[in-house]
Structures are given as C-alpha cells and as structure tokens.
Amino acid sequence: QVQLVESGGGLVQAGGSLRLACAASGRTFINYYMGWFRQAPGKEREFVAVVNWSGGNTNYADSVKGRFTISRDNAKSTVYLQMNSLKPEDTAVYYCAATLQALTTSRYTYNYWGQGTQVTVSS
C-alpha cells in the first residue's frame, strides 16, 4: 500500500498563493507518477497536474497552466503543488494521487489517494 497525506490547504484571497504538500509512505516512492486532482461541490474530480519519477516531465490542466507548478523531492518522499494567482474557481478539495501509468490525466488510472485538503479562494 501507498499512504498519501496532503497538507497546506486553507483560505486565501483571489490573486494569492498556497503551497500544498503530499507526504508518501509505504512503498518505493520514486517508482510512482504523482498527480494532483481537485473536486468542487457538485462536480466530478478533475485532473490538475502530474509529475514523473525524476521530476523532469510534467503535465497540467489547461485551467492551471502558468499558475500552478508541480514538483517532487524524492529524498523526502514528498510532492508539492505551488499555486499562484489563485482564482475563486480554484476552490475545491485537492487530492494527491499515485499511479504507475505514465503522466496519465484520468482519475480512474490512479491507484492511491490521499484524504484531501480544502482550498478556498475568496473574491
């Protein structure tokens, strides 16, 4: 099993920044592609970003390109999501997830999930 624990969520004004972290344990962290998803009330969980094992290859949803940055520190078994220029529509529960499939954007292909952390962006 892979255990994932998110942190760093909170309340921020539009235009502000937050940095989310996801600490992984239980299996070999470096073998996994690590992704971030988010889910707003009444909506399906949607892809945000993913990074490969080395940290050198990433993919982002169009809605967050240029504003969010995903990174990983394998020595710390931790994945980060730096969120800048936040908008009210970014408000959601953000989930960290792990998969062995390369840079997949589908939530159905991720095998392990964290508990989520709430991000609220006020107008």
Side-chain angles (χ1 to χ4, degrees):
Q1 295 292 314
V2 173
Q3 292 81 45
L4 305 173
V5 180
E6 303 96 334
S7 62
L11 175 64
V12 65
Q13 292 185 338
S17 298
L18 285 173
R19 192 191 194 199
L20 306 183
C22 172
S25 63
R27 291 187 179 179
T28 305
F29 176 76
I30 196 171
N31 290 341
Y32 288 86
Y33 299 86
M34 300 299 299
W36 287 95
F37 288 75
R38 65 187 183 186
Q39 187 167 20
K43 296 185 178 181
E44 294 186 345
R45 192 167 300 185
E46 66 175 350
F47 168 78
V48 175
V50 63
V51 62
N52 76 330
W53 63 269
S54 71
N57 198 2
T58 60
N59 191 22
Y60 297 91
D62 288 342
S63 59
V64 306
K65 285 182 179 178
R67 300 189 298 121
F68 291 10
T69 302
I70 188 171
S71 62
R72 67 192 295 167
D73 185 339
N74 291 328
K76 297 181 178 179
S77 296
T78 301
V79 179
Y80 303 95
L81 185 68
Q82 179 66 48
M83 305 186 294
N84 298 326
S85 301
L86 284 162
K87 305 174 181 180
E89 50 263 45
D90 294 319
T91 296
V93 176
Y94 283 71
Y95 296 91
C96 177
T99 181
L100 293 175
Q101 294 194 31
L103 300 179
T104 177
T105 62
S106 173
R107 68 182 187 272
Y108 301 109
T109 64
Y110 284 77
N111 306 105
Y112 304 101
W113 296 86
Q115 84 289 348
T117 185
Q118 177 70 48
V119 173
T120 302
V121 184
S122 62
S123 301

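Throughout, numbering of the chain's residues begins at 1 and tracks the sequence. The figures that follow rest on heavy atoms only: side chains count, while hydrogens, waters and symmetry mates do not.
Contact between Ala21 and Thr78 at its shortest, heavy atoms only, is CB-CG2, 4.2 Å. Scanning all heavy atoms of the two residues, the minimum distance from Ala97 to Leu4 falls at CA-CD1, 3.7 Å. Of all heavy-atom pairs spanning Thr91 and Ala40, the tightest one is O-CB, 3.7 Å.
In this structure, Asp73 contributes its side chain and Ser77 its backbone to no donor-acceptor pair below 3.5 Å. Distance alone, capped at 3.5 Å, places no donor-acceptor pair between the Thr104 side chain and the Gln101 backbone.
Checked against the 6.0 Å centroid criterion, the rings of Phe37 and Phe47 qualify as a close aromatic pair.
Pairs passing the salt bridge (Lys or Arg N to Asp or Glu O under 4.0 Å) check and including a residue from residues 106-123, sequence neighbours excluded, read Glu44-Arg107.
Within 6.0 Å of the CH2 atom in Trp53, the count of heavy atoms belonging to other residues, nucleotides or ligands does not exceed 12. Crowding of Gln13 atom CD: a count of heavy atoms from other residues, nucleotides or ligands under 6.0 Å not exceeding 12.
Taking the centre and axis of the six-membered ring of Tyr95, the NZ or CZ atom of Arg45 falls inside the cone set by 45° and 6.0 Å.
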*List the steps, then state whether side chain to side chain contact (heavy atoms under 4.5 Å, CB included) holds for Ser17 with Gln82.*
CA-CA 8 Å; Ser17 298; Gln82 179 66 48; 4.0 Å; yes

*asked:* As a quick check of understanding, evaluate side chain to side chain contact (heavy atoms under 4.5 Å, CB included) for Met34 and Cys96, giving each step before the final call.
replied: CA-CA 7 Å; Met34 300 299 299; Cys96 177; 3.6 Å; yes

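Taken from CZ in Arg72 to OH in Tyr33, the straight-line distance is 9.5 Å, to the nearest 0.5 Å. Distance check: Tyr108 OH to Thr99 OG1 gives 14.5 Å after rounding to the nearest 0.5 Å. The line from CG of Leu20 to OH of Tyr94 is 7.5 Å long, rounded to the nearest 0.5 Å. Here Asn57 contributes atom CG and Leu103 contributes atom CG; the two are 4.5 Å apart, rounded to the nearest 0.5 Å. Taken from CG in Asn84 to CZ in Arg67, the straight-line distance is 9.0 Å, to the nearest 0.5 Å. One distance of note links CD of Gln1 with CG of Asn111; it measures 10.0 Å at 0.5 Å rounding.
Inter-residue side-chain proximity for Phe68 and Leu86 is flagged as met; some heavy-atom pair is nearer than 4.5 Å. Val50 has its side chain out of reach of Thr58: every pair of non-hydrogen atoms, C-beta onward, lies at least 4.5 Å apart. By the 4.5 Å heavy-atom criterion applied to side chains, Glu6 and Gln115 are counted as neighbours. Residues Arg38 and Val64 meet the side-chain proximity criterion, which asks for heavy atoms closer than 4.5 Å.
With respect to Asp90 and Lys87, no salt bridge is recorded, no charged nitrogen being found less than 4.0 Å from a carboxylate O.
Both Leu81 and Val12 belong to a single network of hydrophobic side chains, linked directly or stepwise wherever heavy atoms of I, L, V, M, F, W or Y lie under 4.5 Å apart. Leu100 and Val79 fall within a single hydrophobic cluster, where Ile, Leu, Val, Met, Phe, Trp and Tyr are joined by side-chain heavy atoms under 4.5 Å apart, directly or via other members. Hydrophobic clustering of Ile, Leu, Val, Met, Phe, Trp and Tyr side chains at less than 4.5 Å, counting indirect connections, keeps Tyr80 apart from Val48. A continuous path of ILVMFWY side-chain contacts below 4.5 Å connects Tyr112 to Ile70, so both sit in one hydrophobic cluster. There is a path of hydrophobic side-chain contacts, each under 4.5 Å, that joins Val2 to Val51.
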What pairs of donor and acceptor atoms, side-chain ones from residues 116-123 against any protein atom, are under 3.5 angstrom apart with sequence neighbours left out?
unit_1: Thr117; atom_1: OG1; unit_2: Gly9; atom_2: N; d: 3.2
unit_1: Gln118; atom_1: NE2; unit_2: Ala92; atom_2: O; d: 3.4
unit_1: Gln118; atom_1: NE2; unit_2: Thr120; atom_2: OG1; d: 3.3

